[in-house]
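Everything below concerns the one structure shown next.
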Amino acid sequence: MPIPVYQLKEQPAQIEKMESDTKVGPVRVLVTGGSGLLGKAIEHVVMNEGLKREGEEWIFLSSKDADLVDLKQTRDVFEKYRPTHVIHLAAKVGGLFQHMKENLHFLRDNLRINDNLLQTAHEMDVVKVVSCLSSCIFPDKTTYPIDETMIHNGPPHDSNFGYSYAKRMIDVQNRGYFQQHGRHYTAAIPTNVVGPYDNFNIENGHVLSALINRTHKAKVEGTSLTVCGTGAARRQFIYSLDVGRLLVWVLREYEEIEPIILSVGEEDEISIKDAVEMIAEALDFKGEIKYDTSLSDGQLRKTASNAKLRRYRPDFNFTPVKEAIKLTCDWFLANYDIARK
C-alpha cells in the first residue's frame, strides 16, 4: 500500500521568517536519527512544505549509515558529508518498562552518542547544533508548570534516570562548548510526540504509538483492550510535524544556548485515559477497555510551560491532539506492513 502524503498545515508566516545562521558558503544540514519519528517529520516539512532554501543540502542519517556510539563511525560520517549545521535526534530509547530494566544501558550508550556527536561537530567546525532532549529530564519532585530553568533542580523520575541524566548532560556540554570555544550549540525539549513513523512496538514503543498498536490488535482479535496503569497520568502531546517545523525554526533563528521547550499549552494536557478513548474512536474500537492498576503509571504529570516558545512564536498553529491521534492512526493502518512494530 502506498505511503499517504502527510496532511499539510500552512505556516506562511513561519516560512517567510526562516533565515539561515550562515550567509557565506553552502549550507549542509545533517539530521541524525533521520529515519525515525522526528527525522521523517523534518524531512517532510523541509522537502514538501517549502522550508528548504535554495542551495541548501539536507542529509538524513539512519543507524544504517553510522552507529554514533562508535567514535570512528561518527567521525567518518562527518568527514563524508561535511555538515555546516546539525539537528541531533539520534538516541537509544525504549518504552517505560525497558527503561526501568536497563537504565545503565541507556545511560552509557546515550552519553557516548552525545559526546561523540558534539565533539566531532566541534572538531569539524560545525556552525550550529540543535540537539533534541526530552521532557523526562526534568526533576520528578518539582513544582508545575516546569520551565527551561528547572532542568537540573533535582533527580529525574527513577524509572528512566539513565536516559534522563544522559540527555541532561547535553545541556551541560552545550554550555561548555559555548564557554570554552564560542560554539552555538543548543537544545530543544519536545513534550510527548505522536505521529507517523514512530515505533509502534507494544512493549518498547512510545506510549501512544504502543497503545495504537495494542488497540488495533485487540480490534482484529476481537478481545478487550488492556491498558497498563490507571490511565490517570497526564501528558502534553504534540504532533510530529509541528515539532519538525519548530526544529527548523530553532536551527535558523533561535540564538540562545539555553534550551527551549516545544510544547502545546498547559491547557492542552490530557490524561492517558482521554488519549485511549481518542485512539479507540479513531480506530473504531468498540470493545471493553480495562486498566491494569498493578502496573506503573510512570510519572503522573510532567506539565511544561511553553511561555518561552510563545514569546518567540505567539502565532504558531498547533495541531489539536485529537486530530494528531487520528492522523497517526490513519498512517499506521495505511502503512501497517512497514510500520515499526
Side-chain angles (χ1 to χ4, degrees), residues 33 36-38 41 87-96 98-100 103 106-107 110 114 130-172 174 186-195 198-199 205-211 229 232-240 242-244 246-247 250 254 258-272 274-275 296-310 316 318-319 321 324:
L37 171 66
L38 290 181
I87 298 179
H88 176 39
L89 308 174
K92 297 288 186 180
V93 65
L96 170 63
Q98 187 180 9
H99 277 278
M100 290 172 70
N103 269 294
F106 287 106
L107 174 71
N110 283 294
N114 300 330
V130 176
S131 296
C132 189
L133 308 187
S134 166
S135 59
C136 71
I137 68 176
F138 288 99
D140 179 32
K141 308 298 183 186
T142 188
T143 56
Y144 295 98
I146 50 182
D147 64 35
E148 293 85 353
T149 68
M150 301 164 70
I151 294 172
H152 304 284
N153 285 2
H157 192 270
D158 197 53
S159 62
N160 58 0
F161 69 86
Y163 178 81
S164 299
Y165 275 120
K167 284 290 188 179
R168 279 189 189 186
M169 288 307 297
I170 292 179
D171 177 50
V172 176
N174 285 343
T186 188
I189 312 173
T191 48
N192 291 69
V193 184
V194 59
D198 201 0
N199 177 8
H206 291 140
V207 57
L208 284 199
S209 297
L211 283 168
R234 301 183 65 82
R235 296 291 185 267
Q236 290 155 291
F237 293 104
I238 180 171
Y239 190 44
S240 59
D242 291 344
V243 182
L246 288 169
L247 284 171
V250 171
Y254 181 68
E258 291 73 20
I260 184 168
I261 292 171
L262 307 181
S263 177
V264 298
E266 299 162 48
E267 68 279 5
D268 296 313
E269 185 178 58
I270 63 170
S271 69
I272 297 300
D274 292 334
S296 172
D297 283 312
Q299 202 165 347
L300 282 176
R301 61 183 301 207
K302 298 190 287 186
T303 315
S305 169
N306 71 350
K308 183 176 183 178
L309 174 64
R310 282 305 190 192
F316 187 86
F318 286 101
T319 304
V321 63

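Residue indices begin at 1 and follow the sequence shown. Source: prediction; values computed, not measured. When reading the values below, keep in mind they use all heavy atoms of this one structure, side chains included, and skip hydrogens, waters and symmetry mates.
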Worksheet entry | Gln236 side chain near Asp268 side chain, heavy-atom distance below 4.5 Å | no

Fill in: Verdict with supporting geometry, Leu246 and Leu309, side chain to side chain contact (heavy atoms under 4.5 Å, CB included)
CA-CA 10 Å; Leu246 288 169; Leu309 174 64; 4.1 Å; yes

Practice prompt. Answer yes or no: is there a side-chain heavy-atom contact under 4.5 Å between Asn192 and Ser135?
Written response: yes

Discussion item. With rounding to the nearest 0.5 angstrom, report the SG to CZ distance, Cys136 to Arg168.
Written reply: 9.0 Å

Fill in: Heavy-atom side-chain contact between Asn114 and Ser131 under 4.5 Å
no

Item to complete: To the nearest 0.5 angstrom, please state how far the NZ atom of Lys308 sits from the CD atom of Glu258.
Response: 6.0 Å

Worksheet item: Nearest 0.5 Å, what's the CD1-CD1 distance between Ile261 and Ile189?
Response: 5.0 Å

Worksheet item: Considering only heavy atoms from C-beta outward, does the side chain of Phe106 approach that of Ser164 to under 4.5 Å?
Response: no

Response to the item:
Looking only at heavy atoms, the pair that brings Ile137 and Lys167 closest together is CG2-CB, 3.5 Å

Item to complete: Provide the closest heavy-atom pair for Ser240 versus Ala41 in the form atom of the first, atom of the second, distance.
Response: O-CB, 3.3 Å

Practice prompt. Given side chain to side chain contact (heavy atoms under 4.5 Å, CB included), test Asp274 with Val321 step by step and report yes or no.
Written response: CA-CA 10 Å; Asp274 292 334; Val321 63; over 6 Å; no

Worksheet item: After noting the C-alpha distance and the side-chain angles of Val172 and His152, does the key distance pass the side chain to side chain contact (heavy atoms under 4.5 Å, CB included) rule?
Response: CA-CA 10 Å; Val172 176; His152 304 284; 3.9 Å; yes

Response to the item:
One should read off an interatomic distance between Ile270 CD1 and Phe237 CZ, to the nearest 0.5 angstrom, of 5.5 Å

Worksheet item: Mind checking whether Leu38 and Ile87 have side chains closer than 4.5 Å, heavy atoms only?
Response: no

Practice prompt. Kindly compute the distance separating CG (Asn199) from CG (Leu37), expressed to the nearest 0.5 Å.
Written response: 10.0 Å

Discussion item. Once rounded to the nearest 0.5 Å, what's the spacing between atom CD of Glu269 and atom OG of Ser263?
Written reply: 8.5 Å

Item to complete: Please examine the side chains of Val93 and Tyr163, heavy atoms only from C-beta on, and report whether any two atoms are closer than 4.5 Å.
Response: yes

Worksheet item: Are Ile170 and Leu133 close enough that some pair of their side-chain heavy atoms sits under 4.5 Å apart?
Response: yes

Worksheet item: Do Leu262 and Phe316 come close enough that some side-chain heavy atom pair is under 4.5 Å?
Response: no

Item to complete: Classify the side-chain pair Asp147/Ser305 by whether it contains a donor and acceptor separated by less than 3.5 Å.
Response: no

Discussion item. For Asn153, give me all partners under side-chain contact (heavy atoms from CB on, under 4.5 Å), at least two apart in sequence or on another chain.
Written reply: Pro139, Met150

Discussion item. Show the nearest heavy-atom pair for residues Ala324 and Val194, with the distance to one decimal.
Written reply: CB-CG1, 4.1 Å

Item to complete: Give the intermediate values and the outcome of side chain to side chain contact (heavy atoms under 4.5 Å, CB included) for residues Leu208 and Asp198.
Response: CA-CA 10 Å; Leu208 284 199; Asp198 201 0; over 6 Å; no

